[in-house]
There are 2 protein chains.
Amino acid sequence: MNQLLTKSMTVSDLASASRVNASAVRFYDKHGLIAGERTSGNQRRFSEEDACRIKVIRVAQRVGLSVSEISELLIDLPSKPSSAEWAVVGAKLRAAAQERIDQLNHALDDLTGPVQLCDVSNSVDSPEA
Amino acid sequence: MNQLLTKSMTVSDLASASRVNASAVRFYDKHGLIAGERTSGNQRRFSEEDACRIKVIRVAQRVGLSVSEISELLIDLPSKPSSAEWAVVGAKLRAAAQERIDQLNHALDDLTGPVQLCDVSNSVDSPEA
DNA sequence: CTAAAACTTGAACAAAGGTTGAAGTCAAGT
DNA sequence: ACTTGACTTCAACCTTTGTTCAAGTTTTAG
């Protein structure tokens with residue numbers, strides 16, 4: 001069996017591999033964003049899949065998604081996802097990012113566009129009458 | 001004198017004009033993001049300029065800037081800014097937005113690009129030996 | 001002038017996304 | 001088997017960006 005696919009990493013293994021704090025790993029686990037298993041002694045164990053999920057989580061956060069939105073993004077992702085299944089997640093993230101970008105550009109256009117919404121200076125009534 | 005340029009709006013005037021809560025206006029004032037004056041009785045008074053500042057603040061927040069970053073964005077803006085001075089702020093905001101967008105696209109490319117960083121499935125060692 | 005409405009400050013609370021610490025349990029080396 | 005380091009949960013705390021509330025002051029309309 002592929003060692004990378006077995007749930008053999010501890011919380012701190014995954015944390016250092018993903019360069020996040022162990023407490024963040026527990027936080028993501030508590031919110032169901034990663035797919036850890038438990039040993040008979042109740043300790044968490046993770047695989048590379050969970051490292052990938054954390055990569056997705058970090059990007060999704062930069063896109064501006066909340067934990068519950070990321071949860072919805074990942075809810076359809078099964079254990080041991082195929083390439084195609086990861087690609088679906090990637091596409092959804094790209095779409096979400098593009099939506100944010102479009103909103104942002106729209107807001108910027110409102111601010112600095114043809115109408116000059118923020119220009120209030122010396123033009124509304126005649127200067128010094 | 002142009003009525004729009006005098007500091008004659010109260011906190012709630014500005015709040016309703018900007019469609020934010022009065023507490024948000026006080027918050028922005030406390031952090032120096034808007035340029036209110038005080039009456040002899042210590043009450044705040046604002047002009048249209050402050051409504052413009054609040055527009056900038058809201059867009060900047062969507063770009064992802066924190067209050068202290070927005071503070072730096074606005075620190076060079078004088079009282080009664082000219083068109084050109086507003087345009088500088090607009091340009092800085094656009095640049096900040098573009099930077100975020102570029103970072104985001106870079107992160108997305110890392111995630112879903114040619115290398116398929118999140119594809120770990122069935123390909124690292126031979127399937128079932 | 002007075003009463004009501006709106007203003008002032010400060011402190012407490014909220015939600016998100018964690019971090020830190022305490023007390024106790026598990027796992028790994030010898 | 002025992003020790004030590006890493007793990008567990010839970011609760012308290014942190015930062016950001018506000019909101020809400022209480023007690024007291026200012027403004028404004030009559």
Side-chain angles (χ1 to χ4, degrees), chain A residues 3 6-47 50-51 53-74 96 100 107, chain B residues 3 6-47 50-51 53-74 96 100 107:
Chain A
Q3 201 61 22
T6 66
K7 297 287 181 183
S8 52
M9 306 169 82
T10 66
V11 166
S12 31
D13 289 341
L14 178 59
S16 58
S18 302
R19 279 171 299 177
V20 300
N21 197 297
S23 66
V25 170
R26 295 195 185 95
F27 179 84
Y28 300 147
D29 190 43
K30 186 167 68 173
H31 291 276
L33 303 185
I34 52 182
E37 296 179 353
R38 296 289 179 136
T39 65
S40 56
N42 197 37
Q43 293 194 2
R44 292 173 185 84
R45 290 297 182 269
F46 300 99
S47 67
D50 299 295
R53 281 170 176 264
I54 289 180
K55 283 181 193 161
V56 170
I57 291 165
R58 305 309 287 190
V59 175
Q61 286 180 325
R62 292 174 64 174
V63 170
L65 302 187
S66 67
V67 165
S68 65
E69 289 169 324
I70 299 170
S71 170
E72 290 184 21
L73 178 71
L74 293 174
R100 298 276 172 174
Chain B
Q3 200 61 23
T6 67
K7 298 286 182 183
S8 53
M9 306 170 81
T10 65
V11 166
S12 32
D13 290 340
L14 178 59
S16 58
S18 303
R19 278 171 300 178
V20 300
N21 197 298
S23 66
V25 170
R26 294 194 185 94
F27 179 83
Y28 300 147
D29 190 43
K30 188 166 66 173
H31 292 276
L33 303 184
I34 54 182
E37 295 178 353
R38 296 288 180 137
T39 65
S40 58
N42 197 38
Q43 294 194 3
R44 294 173 184 85
R45 289 296 181 271
F46 301 97
S47 67
D50 300 295
R53 283 171 175 263
I54 290 181
K55 283 181 193 161
V56 170
I57 292 165
R58 304 308 288 191
V59 175
Q61 286 180 325
R62 292 174 64 175
V63 170
L65 302 187
S66 67
V67 165
S68 65
E69 289 169 324
I70 298 170
S71 170
E72 291 185 20
L73 178 70
L74 293 174
R100 297 274 173 173

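Convention: sequence-line order gives letters A, B, ...; per-chain numbering from 1.
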> So does A:S66 get a side-chain nitrogen or oxygen closer than 4.0 Å to the phosphate oxygens (OP1/OP2) of C:dA16?
Replying inline: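 Checking A:S66 against C:dA16: no side-chain N or O falls below 4.0 Å of OP1 or OP2.
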
> A:Q61 side chain N/O closer than 4.0 Å to the phosphate oxygens (OP1, OP2) of C:dG18?
Replying inline: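 Result: yes.
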
Specify the separation, in whole Å, of atom [atom1] of [X] and atom [atom2] of [N].
{"X": "A:R38", "N": "D:dT8", "atom1": "CZ", "atom2": "P", "result": "6 Å"}
{"X": "A:I54", "N": "C:dG17", "atom1": "CD1", "atom2": "P", "result": "15 Å"}
{"X": "A:R44", "N": "C:dT25", "atom1": "CZ", "atom2": "P", "result": "17 Å"}
{"X": "A:M9", "N": "D:dA6", "atom1": "CE", "atom2": "C1'", "result": "15 Å"}
{"X": "A:H31", "N": "C:dA15", "atom1": "NE2", "atom2": "C1'", "result": "12 Å"}

>> If the condition is side-chain hydrogen bond (donor to acceptor under 3.5 Å, both in side chains), which residues does B:Q61 pass it with, not counting sequence neighbours?
In response: none

> Contacts to DNA chain C from residues 13-30 of chain B, heavy-atom cutoff under 4.0 Å, which residues?
Replying inline: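 Under 4.0 Å from DNA chain C: B:R26.
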
May I ask you to test the [X]-[Y] pair for a side-chain heavy-atom distance under 4.5 Å?
{"X": "A:M9", "Y": "A:D50", "answer": "no"}
{"X": "B:R38", "Y": "B:R44", "answer": "yes"}
{"X": "A:I70", "Y": "A:H31", "answer": "no"}
{"X": "B:L74", "Y": "B:I57", "answer": "yes"}

> Between atom OG1 of A:T39 and atom CZ of A:R45, what is the distance when rounded to the nearest 0.5 Å?
Replying inline: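 Rounded to the nearest 0.5 Å, the OG1-CZ separation comes out at 5.5 Å.
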
Could you give the side-chain donor-acceptor pairs of residues 11-19 of chain B under 3.5 Å, partners two or more places apart or in another chain?
unit_1	atom_1	unit_2	atom_2	d
B:D13	OD2	B:T10	N	3.0
B:D13	OD2	B:T10	OG1	3.3
B:S16	OG	B:S12	O	3.0
B:S16	OG	B:D13	O	3.2
B:S18	OG	B:L14	O	3.0

>> Going by the rule side-chain contact (heavy atoms from CB on, under 4.5 Å), which residues pair with A:S23 if we only count those two or more places apart in sequence or in a different chain?
In response: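 For A:S23, the residues satisfying side-chain contact (heavy atoms from CB on, under 4.5 Å) (neighbours in sequence not counted) are A:N21.
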
> Within the side chain of A:R100, is there an N or O that forms a donor-acceptor pair under 3.5 Å with the backbone of A:G64?
Replying inline: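 Between the backbone of A:G64 and the side chain of A:R100 there is a qualifying donor-acceptor contact (under 3.5 Å).
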
> More 5' along DNA chain C: A:I57 or B:S12, using each one's nearest nucleotide?
Replying inline: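 With A:I57 and B:S12 compared, the 5'-side residue is B:S12.
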
Using atom names, set out every protein N or O paired with an N or O of nucleotides 24-27 of chain D below 3.5 Å, distance rounded to 0.1 Å.
unit_1	atom_1	unit_2	atom_2	d
D:dT27	OP1	B:T39	OG1	2.9
D:dT27	OP1	B:G41	N	3.2

Polar-atom pairs under 3.5 Å, protein N or O versus N or O of nucleotides 11-13 of chain C: list them with distances, or write none.
none

